[in-house]
Engineer: 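Once you've had a glance at the structure underneath, I'll fire off some questions.
A note on names: the letters A, B, ... follow the listed sequences, proteins ahead of strands, and every chain is numbered from 1.
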Amino acid sequence: MRKVFSNQEIARVLSEIGEYLAMQDVPFKPRAYEKVAVAIEGFEENVSELYGKGGIKALEEIPGVGASIAEKIEELITTGKLKYYEQLKKRTPVDLGTLSSIEGMGPKSVKKLYQKLHVRNLEDLEKAARSGKVKKLEGFGAKSEENILKGIEFLKSSGGRFALGSVLPQARLLEERLSKVKGVSKVVVAGSVRRWKETIGDVDILAVADNSSRIMDYFVRMPEVKRVFAKGATKSMVKLSSGLDVDLRVVPAQSYGAALNYFTGSKDHNVALRQRAIKMGYKLNEYGLFRRQATSDKRQGWKMIAGRTEEELYKALRLSYIEPELRENTGEIEAAAGKKLPSLVGYSDLKGDLQVQTDWSDGSDSIETMAKAAAARGLVYIAITDHTKRLAMTHGLDEKRILKQMSEIDRVNKKLQVSGIKCHVLKGTECDILKDGSLDLSDEALSKLDVVGVSVHSLFNLSRKEQTARIVRAMNNPHVDILFHPTGRIINKRKPYDVDMDEIIKTAKQTGTILEIDAYPDRLDLKDEHIRKCVAAGVRMSIDSDAHSPAHFPVLEFGIAQARRGWAGKDDIVNTQSLVKLREIPKKRRGS
DNA sequence: GCCGTTTTCGGCCCGACTGTTTTCAGTCG
């Protein structure tokens, strides 16, 4: 059978071609490949299937794909290989993906390190840096060597944990497939995936089956299984070719709830639950909740009183049901005992999206396409928030172009209305915060917009004091509505910049600035503990996709999960509001 | 290598920062 390429795989090949071309100082092409890689990664339809239906013509319809790249995609899909790519790789056979994921390492450095020191992968690089060879290279120095080691350290410290965004699709696929195995009545992904933790160590899957050997056989023989660590009647453990470890456990139906609870965790939550059970004279384990009972021969026995469902388990422990996102033993058990758990924002509560990029800057699609895609997902408004001129590489907008974009938005809104599509497009910006906290667009331009988002994209290394003052000043601009991705972190890649979040939250409260929960799975910024502080302080938040293509809107569920982990209710999130109500918020702040 | 409200050929990829340098290459957004 011919291999069906996922969009991610095609995108990875194209983006590596871009990096190889950048190594050789080829002008313009790297940007073309990089851009098309982003477009394909975010493309809604499977590109292989698209090719199957419409051939090379259909490929050329994809934004950023021209005759040359279409041919390359065709070759990759039909032969499983791409000669052009192989040749480039042969010239510099390195683990490009990993090496360039180190902050500060780009294609030129990778090339030089390979040519001078034969660095092919992370281990080679660490060895070379530790032995002091790197700093002796022309163009490198002590500081660069130190930064490389720091980068490696950071990569390792995020060690072995995968971003939820990459794990969840794999986990859902396994869940779906395992549930089709004969004799299986229930399959559910438990563990940190079910709690929507932002990074995942391994995947725990729970199944109820009348014949455990059948599902276990199927599990260890799946095509993507690279190694089988263990295989038994109730528990098997494997490693997938993606590097992910997956455990499967088969439990009896009457213990399903207790097992689900046990394997969902967190460990701290479970320990606290068991302590509560003991105090009540019970015993709690993965098989159920048990009450002590005298038996006829006077020995102690245990009678199971709950465990078929999680609901009955919590009820028997005299707790309200605790959502998986809250199970971290950070006060949820006490709150559940006192019936004081918050009513969390729901997965279908969002009415709009306040951060969306288009092809006016670094997005891949038009305003109209994005609006239609949002409408198809049930969103009734979106704000177009393209980058501003300071981010020149994204072709950020200046005052002149933003005026032009505003009239384009008017045109699109009219067109949507005529065709009966219920999604209103708001005029917005993702305006750069400059070094001193001033903004990249004039107040006059900002005053014309519906939604002004601001964000930091430069000078991540300012001192805590300077960085905080910079952002606080921006938030004090009366035109500013939202602070986008407030800490700037990229999960597993870049630390948040040093900023006093308590001060930011305080300023948000004073100025009425909304803080964003950027739902993009490698950002998830704000993180859960900040969200909880915002909820406590009465600071309102927005959950935005940061979509750069129509296929990105589904990431909103990650943002909602993050909000739930931060105990946020519907009213804490502004874009659960209707457009009419939403519009009142910024207006109030401007005193009009 | 792509693309067309400024163009089917000639733009696109700017500007700041870091670390290495002493005038600049590499990286990032």
Engineer: Measuring from the side chain of A:S144 (C-beta onward, heavy atoms only), which nucleotide among B:dG1, B:dT27, B:dG19 has the closest atom?
Structural biologist: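 Out of B:dG1, B:dT27, B:dG19, the nucleotide with an atom closest to A:S144's side chain is B:dG19.
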Engineer: Using the C1' atom in both, what is the distance from B:dG11 to B:dG19, to the nearest Å?
Structural biologist: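 Nearest-Å result for B:dG11 against B:dG19 at atom C1': 32 Å.
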Engineer: Just compare B:dC28, B:dG1, B:dT27 and give me whichever is closest to any side-chain atom of A:E103.
Structural biologist: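 The answer is B:dC28.
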Engineer: More than 12 foreign heavy atoms under 6.0 Å from NZ of A:K448: is that the case here?
Structural biologist: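 Yes, NZ of A:K448 has more than 12 neighbouring heavy atoms, counting only those of other groups under 6.0 Å.
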Engineer: In whole Å, what separates the P atom of B:dT6 from that of B:dC2?
Structural biologist: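 Each nucleotide's P atom is 23 Å from the other's.
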Engineer: Would you give the length of the straight line joining atom NE2 of A:H485 to atom CD1 of A:I490, rounded to the nearest 0.5 angstrom?
Structural biologist: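 Interatomic distance, A:H485 NE2 to A:I490 CD1, rounded to 0.5 Å: 8.0 Å.
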Engineer: Under 6.0 Å from the six-membered ring centre of A:Y84 and within 45° of its axis: does the NZ or CZ of A:K72 meet both?
Structural biologist: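 Output yes; distance and angle both within limits.
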Engineer: Considering only B:dC13, B:dG1, B:dT27, which nucleotide approaches the side chain of A:A32 most closely?
Structural biologist: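 Nearest listed nucleotide: B:dG1.
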Engineer: Establish, with yes or no, whether the OP1 or OP2 oxygen of B:dC17 is under 4.0 angstrom from a side-chain nitrogen or oxygen of A:N461.
Structural biologist: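 For A:N461, the contact criterion (side-chain N or O under 4.0 Å from OP1 or OP2 of B:dC17) is not met.
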Engineer: For the aromatic rings, using the six-membered ring if either is Trp, is the centroid distance between A:H457 and A:H387 under 6.0 Å?
Structural biologist: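 Yes - the distance between ring centres of A:H457 and A:H387 falls below the 6.0 Å cut-off.
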Engineer: How would you label the contact of A:S458 with the nucleic acid (heavy atoms, under 4.0 Å): base, sugar-phosphate, or nothing?
Structural biologist: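 Touches nothing.
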Engineer: Taking side chain to side chain donor-acceptor pair (under 3.5 Å) as the criterion, tell me which of A:Q357, A:Q355, A:E430, A:K427 meets it with A:T385.
Structural biologist: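 Among A:Q357, A:Q355, A:E430, A:K427, the one meeting side chain to side chain donor-acceptor pair (under 3.5 Å) with A:T385 is A:Q357.
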Engineer: For A:L391, which contact category applies under a 4.0 Å heavy-atom criterion: base, sugar-phosphate, or nothing?
Structural biologist: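 Result for A:L391 = base.
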Engineer: Using a cut-off of strictly less than 4.0 Å, decide whether A:K135 has a side-chain nitrogen or oxygen near OP1 or OP2 of B:dT20.
Structural biologist: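 A:K135 to B:dT20 OP1/OP2: no side-chain N or O under 4.0 Å.
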Engineer: Quick one: A:L434 CG to B:dG29 C1', roughly how many Å, whole number?
Structural biologist: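 Taking atom C1' of B:dG29 as the reference, CG of A:L434 is at 13 Å.
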Engineer: Taking CG from A:L113 and C1' from B:dG26, how many angstroms apart are they, rounded to a whole number?
Structural biologist: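 Roughly 12 Å, once rounded to whole Å.
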Engineer: Of the nucleotides B:dG19, B:dC17, B:dG29, which has the atom closest to the A:K435 side chain?
Structural biologist: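 Closest of the options to the side chain of A:K435: B:dC17.
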Engineer: Is there ring stacking between A:F28 and B:dC12, where the centres must be under 5.5 angstrom apart and the planes under 30 degrees?
Structural biologist: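 Stacking between A:F28 and B:dC12: present.
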Engineer: Calculate, to the nearest 0.5 Å, the distance between atoms CG and CD1 belonging to A:D440 and A:I433 respectively.
Structural biologist: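 The distance works out to 10.5 Å.
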Engineer: Side-chain contact, heavy-atom cut-off 4.5 Å: A:I505 with A:K509?
Structural biologist: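 Result no, sub-4.5 Å side-chain heavy-atom pair not found.
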Engineer: Using a 4.0 Å heavy-atom cut-off, does A:A142 contact any base of the nucleic acid, only the sugar-phosphate backbone, or nothing at all?
Structural biologist: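 Result for A:A142 = sugar-phosphate.
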Engineer: Taking the C1' atom of each, how far is B:dC13 from B:dA25, in whole Å?
Structural biologist: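 One C1' to the other, the span is 15 Å.
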Engineer: Please give, in whole Å, the distance from B:dA25 P to A:N147 CG?
Structural biologist: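 After rounding, the gap between these two atoms is 20 Å.
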Engineer: Atom CD1 of A:I148 to atom P of B:dG26: distance rounded to whole Å?
Structural biologist: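 My rounded result for the distance is 14 Å.
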Engineer: With rounding to the closest Å, how many angstrom separate the C1' atoms on B:dT20 and B:dT27?
Structural biologist: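 B:dT20 and B:dT27 have their C1' atoms separated by 13 Å.
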Engineer: Checking contacts here: which listed nucleotide (B:dA16, B:dC28, B:dT20) is nearest the side-chain heavy atoms of A:R494?
Structural biologist: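 Per side-chain heavy atoms of A:R494, the pick is B:dC28.
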Engineer: What is the distance, rounded to the nearest whole Å, between atom CD of A:E19 and atom C1' of B:dT27?
Structural biologist: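 Spelled out: CD on A:E19 to C1' on B:dT27 is 12 Å.
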Engineer: Is the A:H552-A:Y520 ring centre distance short of 6.0 angstrom?
Structural biologist: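 Yes, the ring centres sit under 6.0 Å apart.
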Engineer: Which of these nucleotides, B:dG29, B:dT27, B:dC13, is closest to any side-chain atom of A:R390?
Structural biologist: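 The listed nucleotide nearest to A:R390's side chain is B:dG29.
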Engineer: So, is A:H395 close to the B:dC13 phosphate, meaning a side-chain N or O under 4.0 Å from OP1 or OP2?
Structural biologist: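 For B:dC13, OP1 or OP2 has a side-chain N or O of A:H395 closer than 4.0 Å.
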Engineer: Between A:F460 and A:R494, is there a cation-pi geometry (under 6.0 Å to ring centre, at most 45° from the normal)?
Structural biologist: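 The answer is yes; both the distance and angle limits are met.
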Engineer: Take atom NZ of A:K400 and atom C1' of B:dT6, then tell me their distance rounded to the nearest Å.
Structural biologist: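 Spelled out: NZ on A:K400 to C1' on B:dT6 is 10 Å.
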Engineer: To the nearest 0.5 Å, what is the distance between NZ on A:K506 and CG on A:D500?
Structural biologist: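 A:K506 NZ to A:D500 CG: 8.5 Å, rounded to 0.5 Å.
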Engineer: Report which part of the nucleic acid A:V65 touches: base, sugar-phosphate, or nothing (heavy-atom distance under 4.0 Å, all strands).
Structural biologist: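 Contact class for A:V65: sugar-phosphate only.
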Engineer: Just how far, in rounded Å, is C1' of B:dG26 from CZ of A:R31?
Structural biologist: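 Computing the A:R31:CZ to B:dG26:C1' distance gives 17 Å.
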Engineer: If I pick the C1' atom on B:dT5 and the same atom on B:dG1, what distance separates them, to the nearest angstrom?
Structural biologist: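 That atom pair is separated by 23 Å.
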Engineer: Considering only B:dT27, B:dC13, B:dC17, which nucleotide approaches the side chain of A:L459 most closely?
Structural biologist: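 The closest nucleotide is B:dC17.
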Engineer: Between atom CG in A:D25 and atom P in B:dC24, what is the gap in whole Å?
Structural biologist: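 From A:D25 CG to B:dC24 P: 16 Å.
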Engineer: Please check the phosphate of B:dT6 (OP1 and OP2 only) for any side-chain N or O of A:K404 closer than 4.0 Å.
Structural biologist: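 Yes, within the criterion.
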Engineer: Look at the side chain of A:P107 and decide which nucleotide, out of B:dT27, B:dG1, B:dC13, has an atom nearest to it.
Structural biologist: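 Of the options given, the side chain of A:P107 lies nearest B:dT27.
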Engineer: Which string of ( ) [ ] | and . matches DNA chain B, if you list each base 5' to 3' and count Watson-Crick or G-U pairs only when both distances are under 3.5 Å?
Structural biologist: ((((....)))).((((((....))))))
Engineer: Of A:E145 and A:R411, whose nearest nucleotide on DNA chain B comes first from the 5' end?
Structural biologist: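 First, find each residue's nearest nucleotide; the 5'-ward one identifies A:R411.
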Engineer: Does A:K72 reach a base, just sugar-phosphate, or nothing at all? Heavy atoms under 4.0 Å.
Structural biologist: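 Since only primed, P, OP1 and OP2 atoms lie under 4.0 Å of A:K72, the category is sugar-phosphate.
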Engineer: Mind checking the C1' distance from B:dC12 to B:dC17? Whole angstroms is fine.
Structural biologist: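 Comparing C1' positions in B:dC12 and B:dC17 gives a spacing of 23 Å.
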